[in-house]
Amino acid sequence: MLSLPRALALAFGQLGDAAILGILGKTAMLTLAIFAAGGAGVYLALATALDDGPLGGLGALAAVLVTLVAGWFLFRIVALFVLQFFAEDIVGAVERQYYPQAAATRRQIGFGEDLGSALRSLARTLIANLLALPVAGLLLLSGVGPVLVFLLVNAWLVGRDLQDLVWLPHRADTTELAPISAGTRLMLGGAVVGLLAIPFLNLLAPIVGAASATHLVHRAREKEPHA
């Protein structure tokens, strides 16, 4: 089975392909546009509310700080939500270059199914993080405890989402399990969550994650006894 470092190296190596660059440009622009619109709305709402409150003239500054912090936490959610709509292009580009047989048998997924998958992923993300809040609160005095809780939760979520982007169009039926292990999914998710925390690299992270997941899933499929 292909190792995660090798899958990441292959994914980064394909970033220069014309097809991948085009997808990167579209996902980055759409992600930033959503953030700009959402950030402006949050800023205006907070600035208005705080200016009318006890903070008075500090409302605008407080609104900027809150918007920046919220944006840092929500970037992963928005970036991966956007990725759902371009995942087929990314996975297809990797499959055509490295796994032509898989590319030939890939099932086409329509916009409605893409939207449903994206909304389920969003709901799963929100619910899992809300459930993690009490656990993080109990570990607040430990300092690093809350960070580790949210890192593990989001690594699991991201790994699951990236696996599904590749696996769902290829599985024979809804009961067939993906060929990569839970540990591999968790490590992939952790690597992508780490990239999402780094400015500029966070725009590449969804593309790299989807490409890496494609390598991991298909190399694992090649090793299956029935393959």
Side-chain angles (χ1 to χ4, degrees), residues 15 18-93 109-133 136 147 150-151 153-162 164-165 189 192-211 213:
L15 287 177
I20 298 293
L21 284 175
I23 300 165
L24 175 60
K26 289 185 286 188
T27 57
M29 287 190 293
L30 184 54
T31 299
L32 293 175
I34 292 174
F35 252 86
V42 170
Y43 168 78
L44 290 174
L46 288 174
T48 300
L50 294 174
D51 277 338
D52 293 337
L55 292 178
L58 294 177
L61 177 60
V64 168
L65 294 176
V66 171
T67 301
L68 290 175
V69 172
W72 187 84
F73 279 108
L74 294 175
F75 185 88
R76 183 194 76 74
I77 297 174
V78 174
L80 291 177
F81 181 80
V82 170
L83 175 67
Q84 297 278 346
F85 299 97
F86 298 95
E88 185 173 347
D89 296 331
I90 301 165
V91 175
I109 294 180
F111 177 80
E113 192 172 350
D114 266 342
L115 180 60
S117 179
L119 291 175
R120 286 193 297 273
S121 171
L122 181 61
R124 189 163 55 236
T125 297
L126 294 175
I127 292 171
N129 279 280
L130 286 174
L131 291 175
L133 276 174
V147 175
F150 285 109
L151 176 61
V153 168
N154 285 281
W156 173 75
L157 288 166
V158 171
R160 165 72 184 274
D161 287 344
L162 292 174
D164 287 352
L165 291 177
V192 175
V193 168
L195 290 175
L196 284 166
I198 303 172
F200 301 110
L201 279 180
N202 54 11
L203 295 173
L204 301 176
I207 307 292
V208 170

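Everything quoted here is computed from the prediction, not taken from an experiment.
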d(L83 CG, I90 CD1) to nearest 0.5 Å is 4.5 Å

Scanning both residues in full, the closest heavy-atom pair of V153 with A128 reads CG1-CB, 3.9 Å

d(L130 CG, T125 OG1) to nearest 0.5 Å is 10.5 Å

CG of N129 to CD1 of I77, rounded to nearest 0.5 Å, is 6.0 Å

Nearest heavy-atom approach of V192 to G209 is CG2-CA, 3.7 Å

Q. Does the side chain of V193 reach to within under 4.5 Å of the side chain of L151, using non-hydrogen atoms?
A. yes

OG1 of T27 to CD1 of I207, rounded to nearest 0.5 Å, is 4.0 Å

d(F75 CZ, I34 CD1) to nearest 0.5 Å is 10.5 Å

Contacts of S121 meeting side-chain hydrogen bond (donor to acceptor under 3.5 Å, both in side chains) (sequence neighbours excluded), chain-then-number -> D161

All heavy atoms of A210 vs all of L162, minimum pair found to be N-CD2, 3.7 Å

On a heavy-atom basis, the closest approach of L165 and A87 is CD2-CB, 3.5 Å

For L203 and P206, the nearest pair of non-hydrogen atoms, with its separation, is O-CD, 3.8 Å

In this structure, CG of L21 is separated from CG of L15 (nearest 0.5 Å) by 7.5 Å

Determine, step by step, whether F81 and T31 satisfy the side chain to side chain contact (heavy atoms under 4.5 Å, CB included) criterion, reporting the C-alpha distance in whole Å, the side-chain angles of both residues, the deciding distance to 0.1 Å, and the verdict. CA-CA 9 Å; F81 181 80; T31 299; over 6 Å; no

Do the side chains of L30 and F85 get nearer than 4.5 Å, heavy atoms only? no

